[in-house]
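Counting starts at 1 for both ligands and their atoms, following the listed order. We count residues from 1, following the sequence as given.
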Amino acid sequence: MDRKTFLRTSLAGAAALVAAPGALVSCASPKEKKSSTPLHLSFQEGLTPGESLAEKFDFMESLGITGFEPGGNGLAGRVQEIREALQGRDIKVSAICAGFDGFILAEDPAVKAQFDTTMREIVRAAGELGSTGVIMVPVFNWQNPALPHTLETRDYLCQQMHDLGEFALSCGTTVILEPLNRKEAFYLRLVSDAAAICRDADSAGVKCMGDFWHMQEETSDYAAFMAAGPYLQHVHIASRGNRVMPGEDGDKDCYTDGFRALKELAYPNYVSFECGCRSDDRAATLTAAVDLLRRQWDEA
Ligand code: MG
């Protein structure tokens, strides 16, 4: 098609759309997406009341929680147990929280090899459980010796993430980069920076997440999530002063700016509790926290 024909066809198409606004019905406007996007909440295993998985899942179901986030450590040996406990329930495995040994930006090849082996074992189990992905931090401040914070290291990280992402895809899941804050992991602090690494890793198996606690580094929750767009695969939530239950830090615990972005993006995955609890009555505090988040989601 030459340029003239292309222009003619495009203009004719545009004119047809103007003449027949009904043709746009299938393309929801941001407002339509916003109002219809449901909030999918998830609990990490450790913070859920109950001794057994069955007790934990009973409690989650009583609150309408549909996501379960276990740790990655020992996950391969638990696939059967978790599958059986989930049978017949309206709960799915959300993301898997880390649990590997070593780290991807280790200078020592033996420590890097530890990461490669244990991470792939967790990714395989995550795929078997239908998980949205395995969360990872490239390097914590305390992990030494690490590769220097240079352009070459970023290129290396993108290449390594590409390989890992392709492996995750072959297992039916993803790997999820988690930015932290400068006190914990100077290397990766902003959601948009993690999203840019996803883009440059060039694998659909490489995703990122935002954690409302660590997002104190961001200037805008809304902008952070919007910048991540389609790369956003998971969200963590906690109170915003002391990393306890949402609501336990009072008025500080406002999530509507970030929730507004998630609704506009029609974010399909989970918002998962990763936090402590100040109160002795964990069940009551979790119940109140879930109410608070649902209220703020409606308001956003
Ligand atoms: Mg987190």
Side-chain angles (χ1 to χ4, degrees), residues 39-48 65 67-73 75 93-101 103-105 115 119 122-123 126 131-143 161 168 173-195 197-198 206-218 221 224-225 227-228 231-249 252-255 257-259 261-262 267 269-278 282 285-286 289-290 292-293:
L39 172 63
H40 301 293
L41 288 173
S42 160
F43 284 174
Q44 280 194 342
E45 182 171 5
L47 60 77
T48 312
I65 305 300
F68 171 63
E69 182 181 325
N73 189 18
L75 190 71
V93 174
S94 59
I96 307 296
C97 193
F100 45 83
D101 296 323
F103 59 109
I104 199 168
L105 291 183
F115 169 81
M119 180 65 172
I122 296 167
V123 167
S131 162
T132 54
V134 182
I135 299 167
M136 61 174 284
V137 173
V139 54
F140 284 86
N141 290 345
W142 52 267
Q143 287 177 309
M161 290 306 298
T173 189
T174 71
V175 286
I176 306 172
L177 284 168
E178 179 170 20
L180 303 186
N181 60 66
R182 67 191 70 207
K183 288 179 190 160
E184 292 185 50
F186 211 91
Y187 192 89
L188 187 58
R189 301 176 293 105
L190 300 175
V191 176
S192 58
D193 200 10
I197 293 172
C198 296
V206 180
K207 299 287 188 178
C208 69
M209 62 175 288
D211 179 324
F212 275 102
W213 164 251
H214 299 294
M215 282 167 65
Q216 56 194 265
E217 294 274 315
E218 308 282 351
D221 295 339
F225 285 140
Y231 301 113
L232 190 70
Q233 189 80 345
H234 197 58
V235 172
H236 275 162
I237 201 157
S239 79
R240 309 202 82 171
N242 296 287
R243 208 181 190 183
V244 283
M245 291 285 167
E248 285 198 301
D249 282 326
K252 273 189 181 171
D253 296 343
C254 181
Y255 309 94
D257 191 46
F259 281 176
L262 298 182
Y267 170 69
N269 297 314
Y270 297 89
V271 174
S272 191
F273 282 62
E274 182 184 56
C275 53
C277 182
R278 194 183 287 131
R282 181 177 290 261
T285 313
L286 266 169
V290 166
L292 174 82
L293 297 188

task: Output all residues satisfying side chain to side chain contact (heavy atoms under 4.5 Å, CB included) with Phe186, sequence neighbours left out; order by chain, then residue number.
output: Asn141, Arg182, Arg189
task: Check whether the ring centres of Phe273 and Phe43 lie less than 6.0 Å apart, and answer yes or no.
output: yes
message: List the residues meeting side chain to side chain contact (heavy atoms under 4.5 Å, CB included) with Glu218, not counting sequence neighbours, and say none if there are none.
response: Leu190, Val191, Met215, Ala224
- request: Report, as a single number, the protein N, O or S atoms less than 2.8 Å from the Mg ion (ligand 1).
  value: 4
field: Aromatic contact, Phe212 with Phe225 (centres under 6.0 Å)
entry: yes
- request: Kindly write out the residues that satisfy side chain to side chain contact (heavy atoms under 4.5 Å, CB included) with Thr174, not counting sequence neighbours, or none if the list is empty.
  value: Ile176, Lys207, Gln233
query: Is a side-chain donor-acceptor pair under 3.5 Å present for Ser272 with Glu69?
result: yes
